[in-house]
Amino acid sequence: MSTFRFHSGRHCLNLIATVGRRRAERVERLTTPADLGRWFTEAGLAASAPAAGARELRQARALRESMYELFTACLLGGEIPSAELAAVNDWAARPAPAHRLEAGPDGRLRRVPGEVTAQALLAEIARDAVDLLGGPLAERVHECELGPCTVLFLDTSRSGRRRWCSMDGCGARAKMAAYRARRTGEGSV
Ligand SMILES: [Zn+2]
């Protein structure tokens, strides 16, 4: 069972991070529909895993890759891919999980969450991407500097110079590698 990464600071980026090492031996962490259900709950988007089948898994992966292409174009200043743009906009326009009214034990009406579907949650994630990519924080989305990682994260540090997706993961590994390189350098003199 895969361990998901939630270091990226936004739901849309955390979904993108379900693929690791994108430019090397790509790691797919959403391998089954059950993985997708578990991802929604671990992300804090649903109290219990919504029903998800092969179709929802395919849709989640497709939305994820469309968002990744848009963030990449934004990072590299490349041309915006129009099919990916249309796909993210299409998901963002789909309905949110609906609330419903229910009579409480005291006889008064109260608002309760309706059934949460995988599609409604994907729509929420697409809207998160629309907000992030279309707003001032877009330029604060960076790629982890530890070579193979490739995780995108929102840099909320005051300096705007955060380098790694997580300090105790990639940050610690990068610092250890730099330390070893210095030691090796000293030893060879
Ligand atoms: Zn990283």
Side-chain angles (χ1 to χ4, degrees), residues 1-32 34-46 49 57-81 84-85 87-88 91 121-122 124-185:
M1 198 161 76
S2 299
T3 307
F4 298 126
R5 275 39 168 195
F6 294 101
H7 304 305
S8 295
R10 293 288 285 253
H11 290 309
C12 57
L13 297 175
N14 283 331
L15 182 62
I16 290 171
T18 57
V19 174
R21 299 173 172 257
R22 285 178 174 271
R23 287 191 290 278
E25 69 283 25
R26 186 184 159 98
V27 179
E28 171 62 80
R29 299 191 180 99
L30 290 181
T31 52
T32 65
D35 289 334
L36 178 62
R38 187 166 58 86
W39 186 85
F40 283 132
T41 56
E42 289 186 16
L45 284 160
L57 179 62
R58 203 168 50 243
Q59 289 173 325
R61 285 181 180 168
L63 171 63
R64 177 187 70 190
E65 297 312 302
S66 296
M67 295 190 303
Y68 177 68
E69 293 301 325
L70 292 187
F71 278 107
T72 302
C74 183
L75 265 172
L76 303 177
E79 196 176 323
I80 307 294
E84 277 71 21
L85 187 65
V88 171
W91 273 105
L121 294 176
L122 292 177
E124 295 263 285
I125 292 168
R127 283 189 284 277
D128 184 43
V130 167
D131 286 346
L132 186 52
L133 281 161
L137 291 176
E139 59 191 38
R140 286 288 201 119
V141 175
H142 303 160
E143 187 182 273
C144 180
E145 282 187 23
L146 191 72
C149 174
T150 69
V151 160
L152 302 180
F153 64 90
L154 176 63
D155 181 359
T156 53
S157 70
R158 192 186 295 219
S159 66
R161 283 167 30 201
R162 183 175 143 193
R163 300 171 62 192
W164 302 291
C165 65
S166 71
M167 287 313 294
D168 49 356
C170 289
R173 275 195 286 279
K175 284 178 180 165
M176 183 54 75
Y179 173 74
R180 280 207 204 95
R182 274 201 308 277
R183 289 287 297 256
T184 311

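Each ligand, and each atom within it, is numbered from 1 in the order the structure gives. Nothing here was measured: the structure is a model prediction, and the numbers come from that model.
Among residues two or more places apart in sequence or in another chain, the salt bridge (Lys or Arg N to Asp or Glu O under 4.0 Å) test is passed with Glu28 by Arg61, Arg64. Residues passing the side-chain hydrogen bond (donor to acceptor under 3.5 Å, both in side chains) test with Arg10 are Asp128, sequence neighbours excluded.
Take a cut-off of 2.8 Å around the Zn ion (ligand 1): the protein N, O or S atoms inside it are Cys144 SG, Cys149 SG, Cys165 SG, Cys170 SG.
Just one residue in the list Arg161, Arg163, Arg162 forms a salt bridge (Lys or Arg N to Asp or Glu O under 4.0 Å) with Glu145, and that residue is Arg163.
Taking a 6.0 Å sphere around CD of Glu65, one finds it holds more than 12 heavy atoms contributed by other residues, nucleotides or ligands.
Between atom CZ of residue Phe71 and atom SG of residue Cys12 there is a gap of 4.0 Å, rounded to the nearest 0.5 Å.
For residues 149-178, the ring-ring contact (aromatic ring centres under 6.0 Å, His included) pairs, not counting sequence neighbours, are His142-Phe153.
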